[in-house]
Amino acid sequence: MIDYRIDRGSGVPAYVQILEQTERALRMGTLRVGDKLPTAKEVVAATGINPNTVLRAYRDMERAGLVELRRGLGTFVTRSLARPGAENDSPLRREATDWVARARAAGLERADVLALVTAALDAYDNEHDSKAPGDRGGKKEDA
């Protein structure tokens with residue numbers, strides 16, 4: 001089960017936050033094919049957002065082929081976004097969790113942590129995008 005968190009101060013619409021959190025859970029393997037999402041009523045009770053906002057997010061996910069709305073039964077995951085090795089005990093996930101704990105202990109807010117990770121990803125991508133094709137980290141692609 002997924003517990004949605006809505007950050008009202010982020011400037012990101014609540015329905016987009018629901019979409020992003022669901023996609024993240026699908027990528028991390030927290031949500032799997034066949035899992036049931038919380039009902040709109042449950043999400044409203046937990047977050048205080050408008051029921052139409054939840055329904056919009058669920059409809060958008062259905063259009064994207066991620067979930068199926070079954071009238072009277074609920075909303076169910078129909079597609080995974082998880083990559084191989086996305087299990088809960090992944091060494092990379094443990095390292096990331098430990099790093100986040102250190103960042104938070106150092107006084108960084110959620111937005112600061114996200115900004116650091118985004119900046120690191122951007123720097124990495126910029127460095128690797130500037131290299132010639134076939135020159136990824138010194139490894140040559142087979143011709």
Side-chain angles (χ1 to χ4, degrees), residues 1-70 74-143:
M1 180 68 85
I2 185 169
D3 293 318
Y4 293 110
R5 286 185 35 173
I6 303 301
D7 180 356
R8 297 179 192 289
S10 72
V12 177
Y15 82 94
V16 173
Q17 292 182 51
I18 290 171
L19 286 166
E20 289 174 346
Q21 290 173 40
T22 303
E23 287 178 353
R24 191 174 315 120
L26 289 168
R27 287 188 190 289
M28 300 304 293
T30 307
L31 281 176
R32 293 185 169 89
V33 172
D35 285 351
K36 183 179 177 184
L37 296 185
T39 66
K41 188 175 183 178
E42 291 169 334
V43 176
V44 169
T47 63
I49 61 175
N50 186 300
N52 290 327
T53 301
V54 180
L55 295 173
R56 177 178 181 184
Y58 282 17
R59 281 192 306 271
D60 285 358
M61 286 187 271
E62 184 177 42
R63 277 194 289 276
L66 299 175
V67 300
E68 176 184 30
L69 283 77
R70 299 178 193 158
T75 304
F76 295 85
V77 174
T78 56
R79 186 171 63 130
S80 174
L81 298 176
R83 72 204 182 316
E87 301 82 27
N88 286 335
D89 61 351
S90 164
L92 284 175
R93 185 178 302 190
R94 273 196 310 276
E95 290 174 30
T97 301
D98 292 345
W99 182 86
V100 167
R102 289 194 313 274
R104 294 294 255 176
L108 275 67
E109 299 288 330
R110 181 180 185 84
D112 300 324
V113 172
L114 290 171
L116 271 174
V117 171
T118 301
L121 282 169
D122 290 347
Y124 179 89
D125 290 345
N126 287 337
E127 179 183 323
H128 288 84
D129 287 345
S130 65
K131 294 184 179 185
D135 187 20
R136 299 270 178 192
K139 295 180 184 175
K140 300 242 182 214
E141 294 177 352
D142 293 331

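Not measured: the values here are computed from a predicted model.
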*Mark yes when over 12 heavy atoms from residues, nucleotides or ligands other than R79 sit less than 6.0 Å from its CZ; otherwise mark no.*
yes
*D7, CG atom: more than 12 neighbouring heavy atoms under 6.0 Å*: yes
Minimum heavy-atom separation for [X] and [Y], please, with both atom names.
X: Q17; Y: S10; value: NE2-OG, 3.3 Å
X: A25; Y: I2; value: CB-CD1, 3.8 Å
X: T78; Y: G65; value: OG1-O, 3.0 Å

Is there a side-chain contact between [X] and [Y] in this structure, where contact means two heavy atoms from C-beta onward sitting under 4.5 Å apart?
X: M61; Y: L19; result: yes
X: T30; Y: D35; result: no
X: I49; Y: Y15; result: no
X: L81; Y: L66; result: yes
X: Y58; Y: V43; result: yes
X: T22; Y: L31; result: yes
X: T47; Y: I18; result: no

*asked:* Could you measure the distance from the CG atom of D3 to the CD atom of E42? Nearest 0.5 Å is fine.
replied: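 One gets 10.0 Å once the value is rounded to the nearest 0.5 Å.
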*Roughly how far, to the nearest 0.5 Å, is CD of E20 from CD of E23?*
7.5 Å
_Counterpart residues, salt bridge (Lys or Arg N to Asp or Glu O under 4.0 Å), relative to E62 (two or more places apart)_ = none
*Can you sort out the partners of D60 under salt bridge (Lys or Arg N to Asp or Glu O under 4.0 Å), two or more places apart, ordered by chain and number?*
R63
*Any pair with a residue in residues 106-121 that passes salt bridge (Lys or Arg N to Asp or Glu O under 4.0 Å), sequence neighbours left out, goes on the list, sorted by first then second residue, please.*
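Matches after skipping sequence neighbours: none remain.
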